[in-house]
Engineer: 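This structure is in structure tokens; I'll ask about it shortly.
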Amino acid sequence: MTIKRALGIDIGGTGVKGAPVNLRSGELTRERFRLLTPQPATPSAVAETVFELIRHFGWSEQDGPIGIGLPSVVKQGVTHTAGNIDSAWISCDAAALFKTVTGFQVALLNDADAAGLAEMRFGAGRDLAGLIAVVTLGTGIGTALFYNGQLIPNAELGHLIIRDKDAERRASLAARERHEWSWKKWAGHVSEYLGELRRLLWCDAFIIGGGASNKFDRFATYLECPAPVLPAQMANLAGIVGAALATLPPSQVKPRS
Ligand code: BGC
């Protein structure tokens, strides 16, 4: 049976957002719903919030599968890191927890990987081949790597050390706000960061997502990068759409040819 619809859920440091997604078109079939991330964002508290969101949509097994993106390295349903969520997510069997709390077997993946899947399938990356890095600039820096449309999961390149500092400390959107840097000054840090990714990985293009994507015009002119830099196209829906796509077998998530 071909899956046509899935519920995509995007867990962030401040909000838990979700919507049913048409997997063929990437469109939401109902309006996005957002709840505040509980504080502290412990696994069990967040799982309860996810359950509330599932109930909001009256979702059942017959409606389709559920995919969830979160700011963590995820392997076989276990979360190994915690970016802007409680450290109790480290070494947590999150898939088992979600099953216990919600009753659903969910597909789990890193939030930047989710955003990347959506951009590569329906957004800025749909016609791109070679090595593409989707870089989400927000509270942190998330990265998703694709080679000819195939995701290489859990790349944590936002934590590259540049001039003795974690790249997130200078090139995330939060760093710009924290330091009150101008767009031009901040774009210098982003250029340095992208330049380092290019030097090490020889990316063919970069797609800038996260909170920075809808501000792209403010800093794009200041960017200096040896590879094309494109704004993401899915705005704040990429995480939801990509989480829904994660419920498909990998062979069906590749960009359209
Ligand atoms: C985390 C990543 C996450 C990114 C964006 C980083 O701090 O390490 O796993 O994808 O933030 O949320």
Side-chain angles (χ1 to χ4, degrees), residues 8-18 34 36-41 43 46 49-50 67-92 94-95 107-120 123 125 132-146 151-162 165-178 186 189-190 193-194 196-197 201 203 206-215 231-232 234-243 245-246:
I9 300 176
D10 181 15
I11 297 172
T14 53
V16 177
K17 299 134 283 188
R34 181 180 190 271
L36 286 178
T37 305
Q39 301 300 337
V46 171
T49 305
V50 163
I68 302 180
L70 73 175
S72 176
V73 166
V74 187
K75 279 177 176 280
Q76 283 87 41
V78 176
T79 47
H80 289 279
T81 60
N84 300 304
I85 46 175
D86 196 86
S87 59
W89 286 93
I90 298 169
S91 304
C92 168
L108 287 174
L109 80 168
N110 173 263
D111 58 352
D113 284 350
L117 285 178
E119 286 299 331
M120 294 303 288
I132 310 301
V134 178
V135 178
T136 65
L137 302 176
T139 312
I141 298 181
T143 53
L145 289 182
F146 292 84
L151 173 68
I152 302 160
N154 293 312
E156 283 286 332
L157 298 168
H159 300 298
L160 211 63
I161 302 296
I162 299 180
K165 271 194 182 169
D166 190 308
E168 265 190 9
R169 305 270 302 275
R170 295 192 185 100
S172 65
L173 203 54
R176 186 190 103 84
E177 284 154 17
R178 204 168 47 240
W186 178 67
H189 292 304
V190 176
Y193 174 62
L194 297 180
E196 196 61 5
L197 289 184
L201 295 166
C203 304
F206 295 98
I207 296 173
I208 303 295
S213 66
N214 60 6
K215 312 239 169 51
M234 309 278 298
N236 61 357
L237 298 182
I240 294 174
V241 174
L245 283 174

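If you're wondering where the values come from, they're calculated on a predicted model, not measured in any experiment. All ligand and atom numbering here is 1-based and tracks the order in the structure. What's counted below: heavy atoms across the whole structure, side chains too, no hydrogens, waters or symmetry copies.
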Engineer: Between Phe206 and Leu197, is there a side-chain heavy-atom distance shorter than 4.5 Å?
Structural biologist: yes
Engineer: Please list, by chain and number, the protein residues whose heavy atoms come under 4.0 Å of ligand 1.
Structural biologist: Pro71, Ser72, Asn110, Asp111, Ala112, Ile141, Gly142, Glu156, His159, Glu168
Engineer: To the closest 0.5 Å, what do you measure between CD1 (Ile68) and CD1 (Ile11)?
Structural biologist: 5.0 Å
Engineer: With a 4.5 Å limit on heavy-atom distance, are the side chains of Val134 and Leu117 in contact?
Structural biologist: no
Engineer: With sequence neighbours left out, write down each residue that passes salt bridge (charged side-chain N to carboxylate O under 4.0 Å, His left out) with Glu196, or none if nothing qualifies.
Structural biologist: Arg199
Engineer: According to side-chain hydrogen bond (donor to acceptor under 3.5 Å, both in side chains), who are the partners of Glu156, at least two apart in sequence or on a separate chain?
Structural biologist: His159
Engineer: Please set out all donor-acceptor pairs under 3.5 angstrom arising from side-chain atoms of residues 77-84, sequence neighbours excluded.
Structural biologist:
| unit_1 | atom_1 | unit_2 | atom_2 | d |
| --- | --- | --- | --- | --- |
| Thr79 | OG1 | Trp89 | O | 2.6 |
| Thr79 | OG1 | Cys92 | O | 3.3 |
| Thr81 | OG1 | Val73 | N | 2.8 |

